[in-house]
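This one's a predicted model, so the numbers in the text were calculated from it and none came from an experiment.
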Amino acid sequence: MDAIEIGRKLLKATSWARAREIETDQKKGLPHPPLQKPAPEGALLLKLPDPHSITVANVSVAEAIATRRSHRRFTRDPLTLEELTFLLWATQGVQRVIRDGVATLRTVPSAGARHPFETYLLVHRVTGLEPGLWRYLPLDHALVFLRADPDLPAKVTEGCLGQDFVGQGAVVFAWTVIPYRTEWRYSTFSHKVIAIDAGHLCQNLYLACAAIGAGTCAIGAYHQEKMDALLGVDGQDEFTIYLAPVGKVKE
């Protein structure tokens, strides 16, 4: 059976009509999964600037859409902390917690408002941030520092199958997914909408980068086990799903 036929069977098997018939954990009354992965005990937390006070974006939505491109060449200029904050808010910023803490409304859409992603940052050149591995805490609008690693650019390049430009940006956005956040509500239908949701957040990153004179390039070609190990996730309950290096680009 070829990939196209497998895809057709998957879409048919996970139709909305079938999804409504499945006895999900939500229907069973089981507790909903946490909306955010907790910070490690004792880890350094950095509160980010209020996204509503940031004025780094200087183009219209129409212009950002018109100029959006994939960029694989970056300057050596760093991102500012305000610019990084804007990108984080644009891709996973929480607008409101709803349904008594069951779900969140964010700056990107997600099926059932489940938002199953975690945002890891492989920081190379961001003003005010120590190079290393960080993770965004959207409910707190803060960053948690996970570890320093001077070899991070080389390791992420290796994890992305030798694509040199990935390690040359100012920061790499590495998104993982915790499938159960969506499975709790949609069971086996989740795996299609998780893939759709990943596209939503990466497109917002493209547009936000265009607004601040930066660029990105979505990465789907990576070594699963190496990237999971680099981010420190188990590859089962949480695993890497998408990457995107970000850096300043020449006008």
Side-chain angles (χ1 to χ4, degrees), residues 48-49 51-95 104-111 113 115-127 129 134 136 138 141 143 153 156-157 159-161 163-177 192-222 227 240-251:
L48 294 171
H52 303 293
S53 68
I54 292 175
T55 57
V56 295
N58 55 10
V59 304
S60 67
V61 173
E63 186 177 349
I65 292 172
T67 58
R68 182 220 62 78
R69 295 290 185 275
S70 290
H71 290 273
R72 295 175 179 83
R73 293 183 180 178
F74 308 111
T75 72
R76 296 294 298 172
D77 297 327
L79 289 180
T80 68
L81 187 58
E82 280 203 339
E83 288 171 331
L84 180 62
T85 298
F86 174 69
L87 299 181
L88 289 166
W89 173 82
T91 51
Q92 282 289 273
V94 173
Q95 298 166 322
T104 52
L105 298 179
R106 305 196 188 189
T107 51
V108 292
S110 175
H115 297 285
F117 306 108
E118 293 286 333
T119 303
Y120 290 78
L121 299 172
L122 293 86
V123 173
H124 306 152
R125 298 184 304 279
V126 177
T127 305
L129 280 189
W134 297 72
Y136 182 47
H141 191 54
L143 291 176
V156 72
T157 296
C160 290
L161 309 179
Q163 298 177 83
D164 290 339
F165 71 93
V166 181
Q168 294 170 0
V171 60
V172 178
F173 280 64
W175 292 292
T176 64
V177 62
K192 180 171 71 172
V193 296
I194 285 171
I196 295 169
D197 285 353
H200 294 154
L201 66 87
C202 195
Q203 175 67 354
N204 263 30
L205 180 65
Y206 267 92
L207 297 179
C209 282
I212 63 169
T216 188
C217 179
I219 302 293
Y222 55 87
M227 283 309 310
T240 310
I241 193 168
Y242 218 0
L243 297 103
V246 174
K248 288 290 187 173
V249 294
K250 293 181 179 180
E251 295 183 5

Requested in this report: Take Val172 and Val123, measure what side chain to side chain contact (heavy atoms under 4.5 Å, CB included) needs, and give me the verdict at the end.
Outcome: CA-CA 7 Å; Val172 178; Val123 173; over 6 Å; no

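- Contact check for His115 versus Asp197: no side-chain heavy atoms found under the 4.5 Å cut-off.
- Between Leu84 and Leu121, the closest side-chain pair of non-hydrogen atoms falls below 4.5 Å.
- Counting heavy atoms from C-beta outward, Leu105 and Val94 have side chains that stay 4.5 Å or more apart.
- Nearest heavy-atom pair across Ala90 and Val108 is O-CG1, 3.8 Å.
- Taking the side chain as every heavy atom from C-beta outward, Leu79 and Leu87 approach each other to under 4.5 Å.
- Looking only at side-chain heavy atoms (C-beta outward), Pro51 and Phe86 stay at 4.5 Å or farther from each other.
- How far CD1 of Ile241 is from SG of Cys202: 11.0 Å, rounded to the nearest 0.5 Å.
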**Report entry** side chain to side chain contact (heavy atoms under 4.5 Å, CB included) evaluation trace for Thr127 with Leu81
**Finding:** CA-CA 6 Å; Thr127 305; Leu81 187 58; 5.8 Å; no

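- Contact of the Leu143 side chain with the Leu48 side chain is registered, since non-hydrogen atoms from C-beta on lie closer than 4.5 Å.
- Taking the six-membered ring for Trp and thresholds of 30 and 60 degrees, Trp89 and His52 have ring planes more than 60 degrees apart, a perpendicular arrangement.
- Every residue two or more places apart in sequence or in another chain that forms a side chain to side chain donor-acceptor pair (under 3.5 Å) with His141 is listed here: Tyr136.
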**Report entry** Pair Ile219-Gln163, side chain to side chain contact (heavy atoms under 4.5 Å, CB included): steps then yes or no
**Finding:** CA-CA 10 Å; Ile219 302 293; Gln163 298 177 83; 3.9 Å; yes

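- When all heavy atoms of Ala218 and Tyr242 are compared, the pair lying nearest together is CB-OH, 3.5 Å.
- Side-chain contact annotation: Ser70 with Tyr206, donor-acceptor N/O pair under 3.5 Å present.
- The CG atom of Leu205 sits 11.0 Å away from atom CD of Gln92, with the distance rounded to the nearest 0.5 Å.
- Here the closest non-hydrogen pair linking Ile212 and Lys248 is O-NZ, 2.8 Å.
- Using a 4.5 Å cut-off on side-chain heavy atoms (C-beta onward), Leu201 and Phe117 make contact.
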Requested in this report: Show the numbers, then the answer: is there a side chain to side chain contact (heavy atoms under 4.5 Å, CB included) between Thr240 and Tyr222?
Outcome: CA-CA 9 Å; Thr240 310; Tyr222 55 87; 4.0 Å; yes

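- For the atom pair Ile65 CD1 and Arg68 CZ, the distance stands at 10.0 Å (nearest 0.5 Å).
- Here the side chains of Val171 and Phe173 are in contact, with some heavy-atom distance below 4.5 Å.
- Looking at every heavy atom in both residues, His200 comes nearest to Pro109 through ND1-O, 3.3 Å.
- By the side chain to side chain donor-acceptor pair (under 3.5 Å) test, Thr85 is found to be paired with no residue, residues two or more places apart in sequence or in another chain being considered.
- Closest approach of Cys160 and Val166 over heavy atoms only: SG-CG1, 3.9 Å.
- Here the NE2 atom belonging to His124 is positioned 11.0 Å from the CZ atom belonging to Phe74, to the nearest 0.5 angstrom.
- For the residue pair Thr91/Asn204, the side-chain donor-acceptor check at 3.5 Å is not satisfied.
- Listed for the Thr75 side chain is no donor-acceptor partner under 3.5 Å among the backbone atoms of Val249.
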